[in-house]
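What you are looking at is a predicted structure, and each value in this text was computed from that prediction instead of being measured. Positions are given from 1, in the same order as the sequence printed here.
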Amino acid sequence: MSTPHSTKRWIGALAGLSLCTATLGADPSDDHVPYGIVIHGGAGTITRSALGPEKEAQIRAKLTEAVNAGYSVLEKNGSSLDAVVAVIELLEDSPLFNAGIGAVYTDDARHELDASIMDGATRQAGAVASVTTVRNPIRLARAVLEQSEHVFLSGSGAEAFARSIGLPAVENDLFDTPFRRQQLERARDQADAIRPDQKFGTVGAVALDRHGNLAAGTSTGGMTRKRFGRIGDSPVIGAGTFADNESCAVSATGHGEFFIRYVVAYDICARVRYRNERLVDAADAVVLEQLRDVGGSGGVIAIDRRGNMAMPFNTEGMYRASRRVGEPPVVGIYSERAESDSQ
């Protein structure tokens with residue numbers, strides 16, 4: 001039998017638990033969570049003369065459409081994971097980028113697709129590599145995160161998992177485009193792969209939602225004329241993708257071997273978390289100093305838990321767009337100075 005004293009303690013504990021639950025479960029006010037989204041469509045040797053005005057306009061329009069799609073999810077109280085997937089699916093379905101439809105060809109004239117996604121609230125992650133019959137690899141990566149006990153699936157195993165959860169299989173030639181075929185033929189004529197610093201069309205997104213949760217995702221067709229089952233950084237958690245609510249969310253694009261060796265996405269977030277560096281300083285140090293010094297080409301997009309954004313790249317250009325709460329989208333392709341000069 002409980003005594004009055006023990007009953008009082010129990011009531012007090014219950015009251016304290018109720019107060020704690022109410023605090024933890026509170027939905028942050030829109031005014032206090034600077035939610036937003038940043039996206040990329042690849043980095044590399046991107047010049048106005050090479051693109052031409054028509055293709056540049058198409059790319060800017062698609063980036064605008066994609067960043068608005070992700071922002072709309074956040075605005076309607078959707079999760080950062082939902083926003084990231086919405087963006088990447090849209091870009092995977094566009095032949096303008098090296099992901100999904102429009103992916104580059106391997107040496108044997110096929111397409112092998114990679115993708116990954118990470119939830120900053122739980123640090124759960126899902127990744128797939130070398131899939132050939134999945135229209136939207138980012139959907140499969142999210143399914144690995146949510147519906148399996150694993151983090152990383154590849155090849156025929158990843159495709160078997162896709163079938164087991166009801167994702168329809170598609171023919172590999174769905175991803176064919178004349179432009180990418182021409183790229184492959186040029187690479188064969190040169191008896192070598194396209195130079196890794198020429199252009200990367202990998203796509204990615206990072207987001208902060210109204211609940212203060214971060215997420216990151218990346219999807220790619222890899223490198224033109226890749227062989228031997230080569231896998232780059234895009235599906236590698238910590239290299240091409242990383243998210244942690246205690247620091248930041250990052251998606252990378254570039255010469256994957258360098259991003260893997262220097263664990264780029266994680267390094268940026270670790271600098272923010274453990275060294276208390278500003279996001280922009282951490283991203284710049286890794287991309288503009290460390291990577292550049294060792295010959296690694298590319299860039300990243302990042303957002304931290306306070307809504308700060310960073311988009312450094314050490315190449316001539318990076319397809320990118322961002323949108324903050326209450327603001328219109330901002331789209332860029334070239335350096336900030338070049339973008340300013342064109343306005």
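Asp267 and Arg271 are joined by a salt bridge, as a carboxylate oxygen and a charged side-chain nitrogen come within less than 4.0 angstrom of each other. One finds no salt bridge joining Glu257 and Arg261 here, because no Lys/Arg side-chain nitrogen approaches an Asp/Glu carboxylate oxygen to under 4.0 Å.
Counting heavy atoms from C-beta on, the side chains of Ile39 and Leu63 come closer than 4.5 Å. Between Val134 and Leu113 there is no side-chain heavy-atom pair separated by less than 4.5 Å. Residues Arg210 and Leu74 have side chains not in contact (no heavy-atom distance under 4.5 Å, counting atoms from C-beta outward). The closest side-chain heavy-atom distance from Ser251 to His40 is below 4.5 Å. With contacts defined as side-chain heavy-atom distances shorter than 4.5 Å, the pair Ile37/Val206 does not qualify. Side chains of Tyr262 and Val286 form no contact here, defined as non-hydrogen atoms less than 4.5 Å apart. For the pair Val280 and Asn308, the minimum side-chain heavy-atom distance is 4.5 Å or more. A 4.5 Å side-chain heavy-atom check between Leu208 and Ser80 finds every atom pair outside the cut-off.
With hydrogens and angles disregarded, a donor-acceptor distance shorter than 3.5 Å links the side chain of Thr315 to the backbone of Gly44. Put simply, the side chain of Arg135 never gets that close to the backbone of Ile101: no donor and acceptor are under 3.5 Å apart. A donor-acceptor distance shorter than 3.5 angstrom exists from the side chain of Asn98 to the backbone of Gly222, with no hydrogens or angles considered. Proximity of a side-chain donor or acceptor of Lys226 to a complementary backbone N or O of Glu112 within less than 3.5 Å is detected. In this structure, Lys55 contributes its side chain and Leu96 its backbone to no donor-acceptor pair below 3.5 Å. A donor-acceptor pair under 3.5 Å is formed between the side chain of Asp114 and the backbone N or O of Ser130. Listed for the Arg323 side chain is a donor-acceptor partner under 3.5 Å among the backbone atoms of Glu327. Asp209 places a side-chain N or O within 3.5 Å of a backbone atom of Asn213 that can act as its donor or acceptor partner. Looking only at distances, no side-chain donor or acceptor of Arg320 sits under 3.5 Å from a matching main-chain atom of Met311. Using modelled atom types, one side-chain atom of Thr64 and one backbone atom of Arg60 make a donor-acceptor pair closer than 3.5 Å.
Within 6.0 Å of the CZ atom in Arg306, the count of heavy atoms belonging to other residues, nucleotides or ligands does not exceed 12. Within a 6.0 Å sphere centred on CZ of Arg139, heavy atoms belonging to other residues, nucleotides or ligands number 12 at most. Counting heavy-atom neighbours within 6.0 Å of Glu54 CD, excluding the residue itself, gives a total of 12 or less.
In terms of heavy-atom proximity, Leu91 sits nearest to Ala66 at CD2-CB, 3.8 Å. Among all heavy-atom pairs drawn from Ala215 and Ala249, the shortest one is O-CB, 3.5 Å. Annotation for Val250 and Ala302: closest pair CG2-CB, 3.9 Å, computed over non-hydrogen atoms.
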Which donor-acceptor pairs under 3.5 Å do side chains of residues 162-169 form with protein atoms, sequence neighbours excluded?
| unit_1 | atom_1 | unit_2 | atom_2 | d |
| --- | --- | --- | --- | --- |
| Ser164 | OG | Phe161 | O | 2.6 |

Side-chain polar contacts of residues 170-179 - donor-acceptor pairs under 3.5 angstrom, sequence neighbours left out - could you list them?
| unit_1 | atom_1 | unit_2 | atom_2 | d |
| --- | --- | --- | --- | --- |
| Asn172 | OD1 | His111 | N | 3.1 |
| Asn172 | ND2 | His111 | O | 3.0 |
| Asn172 | ND2 | Thr132 | O | 2.9 |
| Asp176 | OD1 | Tyr105 | OH | 3.3 |
| Asp176 | OD1 | His111 | NE2 | 2.7 |

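Looking at Arg180 and Gln183, their side chains do bring a donor and an acceptor atom within 3.5 Å of each other. Side chains of Glu56 and Tyr334: a donor-acceptor N/O pair is present below 3.5 angstrom, by distance only. There is a side-chain donor-acceptor pair under 3.5 Å between Glu92 and Asn136.
Cation-pi geometry between Arg230 and Phe228 is not satisfied (NZ or CZ under 6.0 Å from the ring centre, within 45° of the ring normal).
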